[in-house]
Amino acid sequence: MTHLETIEQKVQEEFKQYKEMLMICTGTGCVTVKSFNVRDKLSEEIKAKGLEKDYLIVPTGCYGFCAAGPIIVVQPEGIFYQKVKEEDVKEIVEEHLINGKPVERLMYRDPVSGEINEKIEDIKFFTKQKLIALRNKGLIDPENIEHYISRGGYREIRKILEENNPEGVINEIIASGIRGRGGGGFPTGVKWQLCRKAAIEKKETPTVICNGLDRTVIETDPHSVIEGMMIGAFATGAQEGFIYIRKEFAFAIKRLEKALAQARKYGFLGDNILNKNFKFDINIHLSAGAFVCGESSALMASMSGRVAEPKSKYIHNVERGFRDKPALLNNVETWANIPVIIEKGAKWFASIGTGDISDNPLKGSSGTKIFSLTGKLNNTGLAEVPMGTTLREIIYDIGGGIPGGKKFKAVQIGGPSGGCIPESLLDIKVDFDTLTEAGTIMGSGNMVVMDETACMVDVARYFVNFLKDESCGKCTPCREGLYALNNILTGICNGEGKEEDMKFLEELSETIQETSFCQLGATSPNPVLSTIRYFRDEYEKHIREKKCPAGVCKALISYSILEDKCIGCTMCAKKCPVNAITGENKKVHVLDKIKCIKCGICYDVCPVDAVERI
Amino acid sequence: MVTDHIVKLRDAREVLKEMSFETRELQRGYANRVLRIDITKNTVEFLPVTEEMKNLWTGGRGFDLWLMFKEINRNTKWDSPENPICFSGGPLGGTISFPGSGKTLVTTISPLTDSVMDCNVGGYFGPYFKFLGFDALCIVGKADDYIIIVIDGVNNKISIEKAPLESNDSHVISEELTSMYADNELDMRNIAVVSSGRAAEYARMGILNFSFWDWRRGIARMKQAGRGGIGTVFRNKKMKALVVKSLPLNPAWRVVESKMAKTFTDNICTSHCKTDRERICKIIDKWNSNPEYILEMMQDIQKMERYISKTAIDEICKKTGMSKGQLYHIATFYKDFTLKPAGEKVIQVCFGTACHVKGASKLLETLEKELGIKNGETTSDEKFTLEAVPCLGYCSIAPVIKIGEEIIGNVRLKDVSKIISERRGK
């Protein structure tokens, strides 16, 4: 067993030999846009110029800025290149590395001000973030355990093994006020305490489980998850751990397997870890594609090789979970936070975020949260921000605003069963409690931004339709209720809405919320309730006037050509799939509304906006 | 071997029809042709085996019934010329892998019941006939004089011959014909004779005798298709015998050493049962038959076979002790598993929120048009299966499709046909 400090020294000395390091992002987002090819080309080019002694290429985990991939960052200067293609590599090597002139063409341009941001620390997407769970993102090679150690890794598990005070660890976690990042927001420390208590009372060995349905942290820094799980295992007395991960994340699984193998090799997993008589190992379980697997008891059922159906909540997982023994389940992001809390102390962690947690850990939200920013945004990707950051900051500063000069309409937070939040609430501070008040959930931290082209009734219908398909079918309110909600919403979108539908939607949603078996069911009407709450006028327009203001619901819109604007370019007639548009060159065209299938192609192709959508 | 007696018999023959044929290799248990002989018109023809026959009329009895169904009409009686006698061994006929696979199914309209009847019989006729590359034999018509039919796989000839002098007793004619067509004593094993004796002309319960050469005793022994009076029909058609000469399987005859038989058994085993089962068992063993890892087993099986087959369910059930009901519950609950084979590559269109906002439904429509199939279907060439799936987890590069293992992000509608044609070529 090599000494941790020796490894750290070795890595740092190795880094010192190089003039600069080229960090190339190999997160899934960048890999799909061929960042591996760019890396190969880069190393080829550097070799060709004989520079391999001066420059080190480090494949890193996800930078989170997936919209800009593939990304290369030249450290320690911090020069940031985005959307690098294979053919750009030569230019970077010749201009930047040899001549010392950074390539401006490949730099990031702020979508609002239009300025060029040369360095990574100038880019708003990064500056507004605070990194705890993703503290090592872009700085280490996630496939190399020594890099993790050189950044202070595996010190915390050593510390707590030396101190040998499991209760102390649990108290520290409780004091930090960290709440589960997976969705429910249950105080993590309290969960640990309950698990330890149950294990001691029942004289059983608990299991620690990591819900890996979110792959970012695993891809970026797998060892921090492993270390977090080790700490959890030590605190609760577990000897076995599982990481439950979606089969689709082949890349993350590969990385994780590599990390586990390295951790075993370096003696962090196995028997007698760090000579402290602590035994622990981690295995991987694969999910087979079911949304309900995110629910804790369903996840454990799935891990046991059964159908993922939740069980009654009066049986707590911390008492009888996996294999009918106490089980401690936390989300990857929670696990990755643990080593930092141990390192920097509960006080430091509690000072980040909102709310006073000193007397009740449920009273506030401390630490940071990773949000996945998607939808109609300039900067899509992943961002870790302190709790209490406003939505406006997240969407406009980090997300870079809405592209194409469109207007913001709503942001949907927390995965499919989250609610939609309108512009008027953009200044709320994001934490567990404010989001619940606003009618949504923290959930997985997924944010989907929608602009004015989105129809909120259609959005609600979309989510309900998804949830209806994913309902496991165990309890009636969720299975039949969502089915009924979907029918009504589809009716409204098809112009068959009735006046009493709104009331019925609300009543039915409340019933589902109150009587569902698990959280998936209880939160499933959120999209409906929140859109009714904030966008009631849109529903009313659909029902009373049979109009879709956003022009999404096909049954409620029609297209026509404005005679005074049409220049007779024949574009629309050529593109129309059903030949519903007729007209000669340079003459006004006519649209046959009976033939029209409302595909909207003419609306999109018309160069002078002569096609009108009502 | 060839005694004066045999020479005399042979000289009295008159060939009514002779036709050459090629032997044929078997493909997955089928030769894909049926031999039809009309002894009124003295014609010999080959009929194709259709997919419908294989799927709907599976097995020897099925093929026979299908052939009968084609030949007879509502007025056909047992002694009508169009009443056929059909012989078939089915796709497994002649393999050494299964007990009973040497049997032949024979059908006709019975003189006893005036209804369709079937009968199964041993002897060497079925396997030999199959080795020559035929799935079934259908004899129709009625001859004027006593005839025999010879199917000679060595000289590649089928002939209908007048046979006035051959014995009217099965136990005699079997030996006569075996001696006549065998080149030497060892070759006698390669001859199979089907015959019916004179009693069948007087009673309606005549049987058909299928010979096999018993080399230890040096005599032709017989197995009987005894039910329903097929022998009476055979005799009524004025047939004395049906002879098959198989390819020389010398020196020591064993089915497994016959090249054609080997191809046959190999084909059947490798493609359907043995190796499939082995491969599946290997996967289950990899996970130590641990019921906790059933999802992982099924994932591996799905990846290899492209579906969860009945065999897989059987094996998992046997090895892990989980009930089949539970296993089917799992296989139908999770989206990853299918009970029908998927295409070589599965095209998954992400319908997660981000992709929905960025136009996943239009993308699906375009793909449906491009491939000519609907969501959830497989193309006819089994290359692609199209399915809409919940979030694939690549929201930042929406809209996303996944083809096989490859993720393609930021898909534009106009790129779809290029993407597909590139993958189709591979």
Side-chain angles (χ1 to χ4, degrees), chain A residues 28-29 31-33 64-67 69 213-215 246-252 284-293 302-309 322-323 372-376 380-382 412 415-416 418 446 448-451 453-454 459 462-463 465-466 469-470 472-473 599-600, chain B residues 287 290-300 302-303 308 316 320 322 325-337 348 350-362 365 369 387-398 400-402 405-411 413:
Chain A
T28 307
V31 169
T32 46
V33 283
F65 202 179
C66 304
L213 298 174
D214 164 8
R215 73 196 140 86
R246 277 181 68 176
K247 185 204 80 178
E248 285 84 358
F249 300 157
F251 194 63
I284 300 174
H285 256 296
L286 298 181
S287 141
F291 181 69
V292 70
C293 287
S302 170
M303 269 177 57
S304 318
R306 294 200 305 269
V307 169
E309 280 176 354
F322 185 54
R323 293 177 184 155
S372 153
L373 306 176
T374 57
K376 300 288 175 75
T380 54
L382 290 152
Q412 199 264 357
N446 197 24
V448 184
V449 176
M450 287 167 267
D451 63 11
T453 59
V459 166
Y462 163 75
F463 285 118
N465 184 38
F466 171 84
D469 286 345
E470 288 295 334
C472 76
C599 64
Chain B
W287 297 103
N290 185 347
E292 262 178 32
Y293 288 93
I294 278 175
L295 293 189
E296 278 83 351
M297 290 173 202
M298 284 198 180
Q299 264 155 2
D300 288 354
Q302 172 85 32
K303 199 171 166 193
I308 307 292
I316 299 177
T320 63
M322 280 277 257
Q326 280 279 356
L327 295 173
Y328 274 114
H329 193 179
I330 293 172
T332 49
F333 184 90
Y334 292 101
K335 293 253 153 75
D336 287 3
F337 307 132
Q348 296 181 318
C350 176
F351 261 65
T353 321
C355 291
H356 174 72
V357 172
K358 291 228 175 151
S361 45
K362 263 196 181 170
E365 261 173 45
K369 235 181 251 169
E387 59 183 32
V389 293
C391 189
L392 287 171
Y394 301 96
C395 304
S396 52
I397 47 172
V400 174
I401 59 175
K402 189 173 174 189
E405 293 299 309
E406 183 186 10
I407 307 280
I408 306 172
N410 297 321
V411 184
L413 295 183

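Order of the sequence lines fixes the chain letters, A, B, ..., with proteins taken first and strands second; residue numbering starts at 1 for each chain.
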Can you tell me how far OG1 of B:Thr332 sits from CG of B:Leu327, rounded to the nearest 0.5 angstrom?
10.5 Å
Okay, A:Ser287 and chain B: the region with an atom under 4.5 Å from a heavy atom over there is backbone
Walk me through it: do B:Ile330 and B:Leu295 pass the test side chain to side chain contact (heavy atoms under 4.5 Å, CB included)?
CA-CA 8 Å; B:Ile330 293 172; B:Leu295 293 189; 3.5 Å; yes
Residue A:Cys293 versus chain B: region with a heavy atom under 4.5 Å
side chain
With respect to chain B, which residue among A:Met303, A:Arg246, A:His285, A:Arg215 yields the maximal number of heavy-atom pairs within a distance under 4.5 Å?
A:His285
With a 4.5 angstrom heavy-atom cut-off, which part of A:Val448 approaches chain B: side chain, backbone, both or neither?
side chain
As a quick check of understanding, evaluate side chain to side chain contact (heavy atoms under 4.5 Å, CB included) for B:Ile294 and B:Gln326, giving each step before the final call.
CA-CA 11 Å; B:Ile294 278 175; B:Gln326 280 279 356; over 6 Å; no
Would you please test B:Lys335 and A:Glu470 for side chain to side chain contact (heavy atoms under 4.5 Å, CB included) and show each step?
CA-CA 9 Å; B:Lys335 293 253 153 75; A:Glu470 288 295 334; 2.7 Å; yes
Verdict with reasoning, B:Met297 to B:Thr320, per side chain to side chain contact (heavy atoms under 4.5 Å, CB included):
CA-CA 11 Å; B:Met297 290 173 202; B:Thr320 63; 3.8 Å; yes
Looking only at A:Leu286, A:Val459, A:Thr380, the option with the highest number of non-hydrogen pairs under 4.5 Å against chain B is A:Leu286
What I want to find out is whether A:Lys247 reaches B:Glu296 closely enough, with some N-O distance under 4.0 Å, to be called a salt bridge.
no
Where does A:Val292 contact chain B at under 4.5 Å (heavy atoms): side chain, backbone, both or neither?
side chain
Most contact-rich option vs chain B, by heavy-atom pairs under 4.5 angstrom, among A:Arg323, A:Met450, A:Gln412, is A:Arg323
Chain B interface, residue from A:Ser302, A:Pro416, A:Ala454, A:Gly381 that has the most non-hydrogen pairs under 4.5 Å:
A:Ser302
For residues B:Phe333 and A:Val307, report the shortest heavy-atom separation together with the two atoms involved.
CD1-CG1, 3.3 Å
Can you tell which of A:Gly305, A:Ala288, A:Cys472 has the highest number of heavy-atom pairs within less than 4.5 Å of chain B?
A:Ala288
Which portion of A:Phe463 sits near chain B, non-hydrogen atoms under 4.5 angstrom
side chain
Contact leader toward chain A among B:Phe337, B:Phe351, B:Tyr334, where contacts are heavy-atom pairs under 4.5 Å:
B:Tyr334
Among A:Ala308, A:Gly415, A:Cys66, the residue with the most heavy-atom pairs under 4.5 Å to chain B is A:Ala308
Check whether any side-chain heavy atom of B:Asp336 sits under 4.5 Å from a side-chain heavy atom of B:Met298, and report yes or no.
no
Contact part of A:Phe251 toward chain B, heavy-atom cut-off under 4.5 Å: side chain, backbone, both or neither?
neither
Turns out that what part of B:Met322 lies under 4.5 Å from chain A's heavy atoms comes down to side chain
Working to the nearest 0.5 angstrom, can you tell me the gap between B:Ile308 CD1 and B:Ile316 CD1?
6.5 Å
